[in-house]
Amino acid sequence: MTLVLGIVGHPLDHSLSVPMHMSAIFTLGIDYVYMSFDILPENLSHAVTQFRKEHIKGFNVTIPYKEDIMPYLDSIDEYAGKIGAVNTVNNENGRLKGYNTDGIGYVKSLGEQTGFDPRGKQVLMIGAGGAAKAVAFSLLEAGADKIIIANRTPERAEALHRHLCVYFPATSSQSIRLQDMNALDHKKINLVINTTSIGMKGAGDIDMDLTGFRSDTVVSDIVYNPLETPFLKRAKHAGLKTHDGAGMLVYQGAESFKLWTGVQPPVDIMRQAVLRALQEHH
Ligand SMILES: NC(=O)c1ccc[n+]([C@@H]2O[C@H](COP(=O)([O-])OP(=O)(O)OC[C@H]3O[C@@H](n4cnc5c(N)ncnc54)[C@H](OP(=O)(O)O)[C@@H]3O)[C@@H](O)[C@H]2O)c1
């Protein structure tokens, strides 16, 4: 019996996850298929009931359901529960268990692509939305020393800071206003991450001076369309190491794939599939 995997969200035009996971399935020659499930909010509960069937092995969850799906699941992994969002569901003998692979995928891709090890490091994270939460959690879990959160809406940065303090009381986090980023001591920052949608489709840039950093500072952007955002382009010109958003997409997908199939997927092939799909549709 062919086992079904997929992605649940709305709207879902040209999801990059479909070609990405199908490339891994074809390469490994395993009997799975990965499909797109564009589900209206009023149908989510019914859809989840259908997903308990034996042949549906698991699925990813994306905007706008990462939090909304949680009450419909039978159990939630401890880590996803702490983050408060689920991006992966695994069908474990008819019982649906929710996981979150976004943050761990981010940290793994950062390590693989730039050699960055979060242990003892200071991070400036721009943005305090859903993706930021998972990224911050995983960086602290991986041993980061401090996270400074800068966000347009200061209350949201403050709420994330307080949430992090609950789970990581020994490490420090801090929330600042977006306009105060340039006043920070850049020499002390080892990693700068954009987790906002600024720079998507090449529109807009982060209002941040990229001078005064140590030469081993990494500048990372989780926006993957375009792969080189205006922010990353400036970072490269400033001589800093850069890390693009396709990395997080591929590695969170690889972590989900391992959960469903028990097999390590070919990440290089998945990345090539993402880059091809970006050229074709985005
Ligand atoms: N690479 C990957 O695998 C991956 C995974 C997930 C998400 N992403 C990308 O990450 C981005 C954020 O996703 P999300 O799910 O976290 O979204 P979200 O929960 O809606 O959060 C959006 C964030 O962007 C900020 N923002 C939006 N427009 C802004 C502007 N014009 N000026 C300043 N700040 C602005 C928001 O600030 P306020 O709080 O002030 O509104 C908030 O911090 C998207 O581009 C998404 O495609 C990539």
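Every number for a ligand or one of its atoms is a count from 1 in the order of the listing. A quick note: this is a predicted structure, and the numbers were derived from the prediction, not measured. The basis for the numbers below is simple: all heavy atoms, side chains too, and nothing from hydrogens, waters or symmetry mates.
Using a 4.0 Å cut-off to heavy atoms of G130, the atoms of ligand 1 that qualify are 16 (O), 19 (O). With ligand atoms numbered from 1 in the order given, ligand 1 contributes 45 (O) to contacts under 4.0 Å with heavy atoms of M200.
Distance check for atom 46 (C) of ligand 1: every protein heavy atom is found at 4.0 Å or beyond. Within the 4.0 Å cut-off (strictly below), a protein heavy atom is located near atom 32 (N) of ligand 1. Note that atom 43 (O) of ligand 1 has protein non-hydrogen atoms nearby, at separations under 4.0 angstrom.
By the criterion of a heavy-atom distance under 4.0 Å, both the backbone and the side chain of R152 are placed next to ligand 1. At a heavy-atom cutoff of 4.0 Å, ligand 1 is contacted by the side chain of V223 but not by its backbone. Both the backbone and the side chain of L249 come within contact range of ligand 1, each with a heavy atom under 4.0 Å.
Residue nearest to atom 12 (C) of ligand 1, selected from T195, D207, I206: T195 (by heavy-atom distance). Of the candidates A150, S220, A131, A131 brings a heavy atom nearest to atom 6 (C) of ligand 1.
When hydrogens are left out, the protein atom nearest atom 21 (O) of ligand 1 is G129 CA, 3.4 Å; that is the closest non-hydrogen contact. Protein heavy atom closest to atom 48 (C) of ligand 1, with residue, atom name and distance, is I222 O, 3.2 Å.
Electrostatic pairing of K133 and D102 does not count as a salt bridge here, judged by no charged N lying under 4.0 Å from a carboxylate O. Ionic pairing of R234 and D205 is present here: one or more N-O contacts between side-chain nitrogen and carboxylate oxygen are shorter than 4.0 angstrom.
Checking only distances, D102 never comes within under 3.5 Å of ligand 1, N or O to N or O.
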